[in-house]
Amino acid sequence: MEFTAEVFAFLIAVAFLAGTIDAMAGGGGLLTIPALMAAGVPPVSALATNKLQSSIGTASAFLAFWRGGHVDLRRFALPAAGAFGGSVLGATAVQYVRSDFLAAFVPMLLIAMGLYFLLAPPMSSVDRHARVGPLGLTLIVSALGFYDGFFGPGAGSFLTLTLVALGGLGLVRAIGNTKFLNLATNIAGLLAMMVGGHVLWLLGLSMAVANVAGNQLGAQLAIRFGGRGVRPLLVIMSFALTAKLLADPANPLWDLF
């Protein structure tokens, strides 16, 4: 696909902002996937290209949190393996779904994500006793891995919420270990999409450079301040991008009415 300079620059800027937000609280895909679709990228290719840029960006954020001592590789090795397997299944399944269904499905999921970020309670910054054991946590993370492979936006936030509410981690440690789990889901989803030939490499790698820069900024902000202040922006952006997609009269969702 070819893009005008303005559209290309817009997608690069969105990737930087998404990387910053993703490192702090998750949810960067709420910006990049609708932006790619609004630029005319087919739904599956948008998901695949997003996996490429977010995999590289998440890897950079993971390294920042790991160097800061906020990642427990041994404890979360099994959940990461489950997340990887779930994401492979999800990314494989989405390639067999009709593109017009995905185009109609994305705005509804964005609305759901926006409501989640609007209504979900604040997360604790203090470590507590875990409510589920390693096996239960692995099963939950595997299910979230499937969601991340199939669609993705908000998966990082769901993983962070799971680690805080059920894993007993404080917010910063939960965000750090989420990067480990999210890196597994992103790599798995990217590999499945590569097999299907849906990745736009030049665009994805260009966005990845900006996403890495954003992730580095967001990781430092998260380590210092936590994820405060990000949720309102995610709510605004998810609803704004939903409105952008629904403004297109060719969106298949309108065929339902």
With a 4.5 Å cut-off on side-chain heavy atoms, are [Y] and [X] touching?
X	Y	result
L47	F150	no
Y96	V44	no
M193	V94	yes
V199	S45	no
L144	T162	yes
L11	L36	yes
V41	M37	no
L78	L135	no

Do [X] and [Y] share a hydrophobic cluster (ILVMFWY, side-chain heavy atoms under 4.5 Å, transitive)?
X	Y	answer
L169	L139	no
M207	L202	no
F3	V14	yes
L191	W201	yes

Sequence neighbours excluded, every pair satisfying side chain to side chain donor-acceptor pair (under 3.5 Å) that has a member inside residues 64-87: none
Indicate the atoms forming the closest heavy-atom contact of [X] with [Y], along with that distance.
X	Y	answer
T32	A15	CG2-CA, 4.2 Å
L52	L200	CD2-O, 4.4 Å
N177	L163	CB-CD1, 3.8 Å
F180	V71	CB-CG1, 4.1 Å
A192	A91	CB-CB, 3.6 Å
F65	V172	CE2-O, 4.3 Å

Before you tell me yes or no, could you show the steps for N215 and S60 under side-chain hydrogen bond (donor to acceptor under 3.5 Å, both in side chains), namely the whole-Å CA-CA distance, both residues' side-chain angles and the distance that decides it to 0.1 Å? CA-CA 7 Å; N215 264 282; S60 72; 4.7 Å; no
We want to know whether D148 and T185 form a side-chain donor-acceptor pair, criterion being a heavy-atom distance below 3.5 angstrom.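 The criterion, which ignores hydrogens and geometry beyond distance, is satisfied for T185 and D148.
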Spacing of [atom1] belonging to [X] relative to [atom2] belonging to [Y], to within rounding of 0.5 Å:
X	Y	atom1	atom2	value
I140	L166	CD1	CG	5.0 Å
L137	S142	CG	OG	9.0 Å
T20	Q220	OG1	CD	11.5 Å
I175	L159	CD1	CG	12.0 Å
F76	T178	CZ	OG1	8.0 Å

For N211 and F16: C-alpha separation, side-chain torsions, deciding distance, then whether side chain to side chain contact (heavy atoms under 4.5 Å, CB included) applies. CA-CA 5 Å; N211 195 272; F16 175 80; over 6 Å; no
Exactly one of L181, N182, L183 clears side-chain contact (heavy atoms from CB on, under 4.5 Å) with F62, and that residue is L183
Is the backbone N or O of S206 less than 3.5 Å from a side-chain atom of Q53, with the two atoms forming a donor-acceptor pair by type? no
